[in-house]
Amino acid sequence: MHNATLAPQENPPRHVTLTRLLAVSSLMGLIVLGLAWELWLAPLRPGGTLLALKVLPLCFPLTGLLKNRMYTYRWLSLLIWLYFTEGVVRAWGDAAPSNYLAFAEVVLCVVLFIACALHVRLRLKYAKENPTGEQPTL
């Protein structure tokens with residue numbers, strides 16, 4: 001649990017905070033990109049499609065990332081490969097501008113995966129080095 005009255009030495013290192021910020025921002029970018037893509041920028045049919053619902057599973061881990069739950073970082077790093085696969089397939093097979101949006105999805109997925117993996121690794125390393133400090137929230 002996060003406590004605002006922690007001593008300065010008990011605050012997580014800057015790298016842990018940076019990876020958390022990167023993970024949250026790339027996840028939010030994926031949600032916004034998915035909605036904009038399927039509703040306005042390059043929908044399969046004019047006026048948008050129900051394919052915009054593909055971003056719904058991305059909304060669930062957003063609360064876990066905002067609450068800084070370690071378990072969410074772990075399973076999100078596995079879930080994101082479904083979106084990566086969709087991005088690669090649509091970047092290869094769709095016409096412009098949809099293929100450019102798919103490439104942006106691939107980039108955001110890679111950034112999110114790296115941020116989640118680094119966050120878990122750095123947080124566990126910090127917890128091991130500071131056993132009396134704030135423990136990772138699971």
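Positions are given from 1, in the same order as the sequence printed here. Model, not experiment: these values are computed from the prediction. Only this structure's heavy atoms are used, side chains among them; waters, hydrogens and symmetry mates stay out.
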| said: For residues M28 and L53: do they belong to one hydrophobic cluster (side chain heavy atoms under 4.5 Å, members Ile, Leu, Val, Met, Phe, Trp, Tyr)? | reply: no

| field | Interatomic distance, L22 atom CG to T17 atom OG1 [nearest 0.5 angstrom] | value | 12.5 Å

| Please, which pairs that meet side chain to side chain donor-acceptor pair (under 3.5 Å) have at least one residue in residues 29-38, sequence neighbours excluded? | W37-S98, E38-K54, E38-R90

| message | Are I31 and V111 linked, directly or through intermediate hydrophobic residues, by side-chain heavy-atom contacts shorter than 4.5 Å (ILVMFWY only)? | response | no

| What closest approach, in Å, do P61 and T72 show between heavy atoms, and which atom pair accounts for it? | O-CG2, 3.5 Å

| Within 6.0 angstrom of L50 CG, more than 12 heavy atoms from elsewhere | no

| field | CA sep, side-chain torsions, deciding dist, call: V120, M70, side chain to side chain contact (heavy atoms under 4.5 Å, CB included) | value | CA-CA 7 Å; V120 169; M70 181 84 86; 3.8 Å; yes

| field | Test side chain to side chain contact (heavy atoms under 4.5 Å, CB included) applied to L66 and V24, step by step | value | CA-CA 7 Å; L66 292 175; V24 169; 3.9 Å; yes

| task | Scan I114, L30, L27 and name whichever one has a side chain to side chain contact (heavy atoms under 4.5 Å, CB included) with C109. | result | L30

| What about L39 and L108, same hydrophobic cluster or not, with Ile/Leu/Val/Met/Phe/Trp/Tyr joined at side-chain heavy-atom distances under 4.5 Å? | yes

| request: Specify the closest pair of heavy atoms between V55 and G34, including all atoms of both residues, with the distance to one decimal. | output: CG1-CA, 3.6 Å

| Does the pair R123 and T19 meet the rule for a side chain to side chain contact (heavy atoms under 4.5 Å, CB included), with working shown? | CA-CA 10 Å; R123 215 163 128 188; T19 56; over 6 Å; no

| Is the backbone of R45 close enough, under 3.5 Å, to the side chain of T49 for a donor and an acceptor to pair up by distance? | no

| note | On a heavy-atom basis, the closest approach of L76 and C116 is CD2-SG, 4.0 Å

| query | Do V16 and L124 sit in the same hydrophobic cluster, where Ile, Leu, Val, Met, Phe, Trp and Tyr count as joined when their side-chain heavy atoms come under 4.5 Å apart? | reply | no

| query | If you look at every heavy atom in A23 and A115, which pair is closest and at what distance? | reply | N-CB, 3.7 Å

| query | Which pairs count as ring pair (Phe, Tyr, Trp, His ring centres under 6.0 Å) when at least one residue sits in residues 106-125, sequence neighbours excluded? | reply | Y73-H119, W81-F113

| task | Quick one: pull up CG in L62 and NZ in K67 and give me the separation to the nearest 0.5 Å. | result | 11.0 Å

| Could you walk me through whether F84 and I80 pass the side chain to side chain contact (heavy atoms under 4.5 Å, CB included) check? | CA-CA 6 Å; F84 174 83; I80 203 62; 5.9 Å; no

| query | Is there a path from Y100 to L33 through hydrophobic residues (I, L, V, M, F, W, Y) whose side chains come within less than 4.5 Å of each other? | reply | no

| query | Is there side-chain contact between Y83 and V106, with heavy atoms separated by less than 4.5 Å? | reply | no

